[in-house]
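Numbers restart at 1 for each chain; the letters A, B, ... are given by sequence-line order, proteins then strands. All figures in this text were calculated on a predicted structure; none of them were measured in a lab.
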There are 2 protein chains.
Amino acid sequence: MILKSQVEWALHCCAILAGLPDGRYLSTKALAEFHGLPKEYLSKALQSLSQAGFVHTSLGPSGGYRLAKTPAELTFLDIVEAVEGKSRTFVCNNIRANNPCRPSGYCESSPCAVARVMWEADEAWRQKLRSVRLSDLVETLAKDIPADLWKSSFEWVLERAG
Amino acid sequence: MILKSQVEWALHCCAILAGLPDGRYLSTKALAEFHGLPKEYLSKALQSLSQAGFVHTSLGPSGGYRLAKTPAELTFLDIVEAVEGKSRTFVCNNIRANNPCRPSGYCESSPCAVARVMWEADEAWRQKLRSVRLSDLVETLAKDIPADLWKSSFEWVLERAG
DNA sequence: AAAATAAAGATATTTAATATCCTTAATAGA
DNA sequence: TCTATTAAGGATATTAAATATCTTTATTTT
Ligand code: FES
Ligand code: FES
């Protein structure tokens with residue numbers, strides 16, 4: 001079980017969009033070039049973010065994407081779920097129902113204890129992702145990345161932002 | 001991202017093995033029949049448990065599997081990792097290295113901040129799984145499952161245990 | 001009017017999950 | 001000793017998901 005690489009792409013794209021001045025847009029082309037990603041396929045990830053309502057889009061020349069919310073209002077979970085979907089990572093196929101000893105009309109009252117534990121773990125994962133905001137990420141990146149690289153990256157982006 | 005169905009199978013099989021009297025073994029055939037699973041494929045999941053050292057095996061007629069540890073010594077994480085592997089659910093492809101603004105000789109000192117958060121969430125998931133023992137599961141199942149079904153299931157198992 | 005863009009659908013391609021089959025070695029029981 | 005049964009592991013097939021590309025359409029800026 002491995003998350004789609006689109007998760008990494010979407011998170012990095014949102015980190016870039018978080019630094020975009022108000023009212024400006026950045027195109028798929030620029031985001032793909034900046035991260036070295038296939039433009040057409042990255043587009044699918046950005047469409048997911050758009051459908052989830054986390055980015056606004058603009059058509060035509062100088063169009064592209066900008067965040068629909070402030071970085072403090074967006075969490076890792078929002079972004080991960082936008083591209084991975086909201087369904088749980090553990091699916092119970094109810095194999096307990098195949099128990100040959102079961103009375104024929106028997107029906108479970110509650111989800112299987114195995115599934116409940118797996119779902120609690122899934123929820124712990126989501127809770128952690130929910131606790132980190134996009135603004136937290138940007139703060140960390142600002143510390144991690146050398147100031148000159150940070151600066152030149154934003155200049156690169158602004159040159160291409162419509 | 002969805003866990004393999006083998007995870008559900010392995011957890012349920014371990015729950016059954018946990019109730020097996022000392023020194024007795026239960027075959028793949030019996031476990032597959034009890035859970036309504038394909039015998040040959042279930043065998044792969046049980047082999048994973050065997051390779052991880054969580055079950056002992058016995059060959060020949062009346063052979064099969066038994067737990068290699070007490071139910072209190074086995075956690076959900078042990079079983080999940082045995083079949084899913086221990087590698088993290090988020091893989092960083094280091095797309096930050098494609099930043100066109102980067103100096104040519106530039107090399108990161110630490111993992112990307114994005115990956116660190118994703119790995120913390122992965123660890124939160126594992127920590128939750130680590131906190132639940134197989135013995136806890138058996139206790140819960142004993143409460144959930146009607147006493148007569150619980151009893152007849154174990155009789156079914158004992159009839160087939162070598 | 002022309003160029004650039006997001007959106008969405010169609011379609012490959014590649015990889016992982018699921019499943020079956022077969023052979024081998026070990027072992028219990030007749 | 002012989003036979004049936006079992007786990008282990010390798011080979012292979014099938015199915016589903018992830019990855020990737022291409023095309024068309026509607027929109028918008030210049
Ligand atoms: S029946 Fe699905 S987890 Fe127990
Ligand atoms: S480069 Fe991989 S998560 Fe940032």
Side-chain angles (χ1 to χ4, degrees), chain A residues 1-10 13 17 23-33 35-66 68 80 82-85 87 89-91 93 95 160-162, chain B residues 1-10 13 17 23-33 35-66 68 80 82-85 87 89-91 93 95 160-162:
Chain A
M1 183 192 67
I2 293 182
L3 289 162
K4 304 201 250 203
S5 49
Q6 285 193 347
V7 170
E8 184 182 7
W9 304 357
C13 286
L17 294 180
R24 307 198 53 188
Y25 292 83
L26 194 61
S27 69
T28 308
K29 188 184 168 200
L31 286 167
E33 190 183 343
H35 296 111
L37 302 173
K39 181 166 93 73
E40 311 292 344
Y41 193 28
L42 171 62
S43 165
K44 300 295 182 186
L46 297 171
Q47 279 174 42
S48 298
L49 291 172
S50 173
Q51 282 164 4
F54 299 135
V55 297
H56 279 156
T57 66
S58 165
L59 287 177
S62 81
Y65 298 90
R66 67 173 173 83
V80 170
V83 304
E84 276 287 337
S87 57
T89 56
F90 177 84
V91 172
N93 293 110
I95 63 174
R160 286 156 183 86
Chain B
M1 182 192 68
I2 294 182
L3 290 163
K4 304 201 251 203
S5 50
Q6 284 192 348
V7 170
E8 184 183 6
W9 304 357
C13 285
L17 293 180
R24 308 202 46 190
Y25 292 84
L26 194 61
S27 70
T28 308
K29 189 183 168 200
L31 286 166
E33 190 182 344
H35 296 110
L37 303 172
K39 180 167 94 74
E40 310 291 343
Y41 193 27
L42 171 63
S43 165
K44 301 295 183 186
L46 297 171
Q47 279 174 42
S48 298
L49 292 172
S50 172
Q51 282 162 3
F54 299 136
V55 296
H56 278 155
T57 65
S58 167
L59 288 175
S62 80
Y65 298 89
R66 66 173 173 86
V80 170
V83 304
E84 275 288 336
S87 56
T89 57
F90 177 84
V91 171
N93 292 111
I95 64 174
R160 285 155 184 86

Using a strict heavy-atom distance below 4.0 Å, which residues from residues 53-61 of chain B are in contact with DNA chain C? Leu59(B), Gly60(B), Pro61(B)
Taking C-beta and beyond as the side chain, do Glu8(A) and Asn93(B) meet within less than 4.5 Å on heavy atoms? yes
Footprint ends on DNA chain C, 5' to 3', for atoms under 4.0 angstrom from a heavy atom of chain A, come out as dA3(C) to dA17(C)
CD on Gln47(B) to OH on Tyr65(B), rounded to 0.5 Å: 5.5 Å
Please work out if Gly64(A) contacts a base, only the sugar-phosphate, or nothing of the nucleic acid, heavy-atom cut-off 4.0 Å. sugar-phosphate
Output the rounded distance in Å from CG (Leu42(B)) to C1' (dA7(D)). 12 Å
Close side-chain approach of Trp9(B) to Lys4(B), heavy-atom, < 4.5 Å: no
Nearest whole Å is fine: how far is dC22(D) C1' from Lys39(A) NZ? 11 Å
Ser62(A) side chain N/O closer than 4.0 Å to the phosphate oxygens (OP1, OP2) of dT29(D)? no
Give one of base, sugar-phosphate or nothing for Tyr65(B), where a contact means two heavy atoms less than 4.0 Å apart. sugar-phosphate
Show the nearest heavy-atom pair for residues Gly53(B) and Ala68(B), with the distance to one decimal. O-CB, 3.4 Å
Terminal helix-axis angle for the helix from dA1(C)-dT30(D) to dA30(C)-dT1(D), with five pairs defining each axis and rounding to 10 degrees: 10°
Tell me which one of His35(B), Glu40(B), Lys39(B) satisfies side-chain contact (heavy atoms from CB on, under 4.5 Å) with Leu37(B). His35(B)
Side-chain heavy-atom pair Arg66(A), Arg24(A) within 4.5 angstrom cut-off: no
Testing the basics here: between Ala32(A) and Pro38(A), what is the closest heavy-atom pair and its distance to 0.1 Å? CB-C, 4.5 Å
Measure the spacing between CG of Leu26(A) and CZ of Arg160(A) and express it to the nearest 0.5 Å. 9.5 Å
Report each atom pair, protein N/O against N/O of nucleotides 9-11 of chain D, whose distance is under 3.5 angstrom.
{"unit_1": "dG9(D)", "atom_1": "OP2", "unit_2": "Gln51(B)", "atom_2": "NE2", "d": "2.9"}
{"unit_1": "dG9(D)", "atom_1": "N7", "unit_2": "Gln47(B)", "atom_2": "NE2", "d": "3.3"}
{"unit_1": "dG10(D)", "atom_1": "N7", "unit_2": "Lys44(B)", "atom_2": "NZ", "d": "3.4"}
{"unit_1": "dG10(D)", "atom_1": "O6", "unit_2": "Lys44(B)", "atom_2": "NZ", "d": "2.7"}

My understanding is that only residues two or more places apart in sequence, or in another chain, count here; which of them pass side-chain hydrogen bond (donor to acceptor under 3.5 Å, both in side chains) with Ser48(A)? none
CG/Leu49(B) to CG/Leu17(B) distance, rounded to the nearest 0.5 angstrom? 8.5 Å
Distances under 3.5 Å only, N/O to N/O: pair up the protein atoms with those of nucleotides 15-19 of chain D.
{"unit_1": "dT19(D)", "atom_1": "OP1", "unit_2": "Ser5(A)", "atom_2": "N", "d": "3.4"}
{"unit_1": "dT19(D)", "atom_1": "OP1", "unit_2": "Ser5(A)", "atom_2": "OG", "d": "3.2"}

To the nearest 0.5 angstrom, please state how far the NE2 atom of His56(B) sits from the OH atom of Tyr25(B). 7.5 Å
How many angstroms lie between atom OG of Ser87(B) and atom CD1 of Ile2(A), to the nearest 0.5 angstrom? 5.5 Å
Smallest separation among heavy atoms of Ala10(A) and Val83(A), with atom names: CB-CG1, 3.9 Å
Identify the heavy atoms of Gln6(A) and Tyr41(A) that sit nearest to each other, and give their distance. NE2-CE1, 3.2 Å
Closest approach of Leu46(B) and Val55(B), non-hydrogen atoms and distance? O-CG2, 4.2 Å
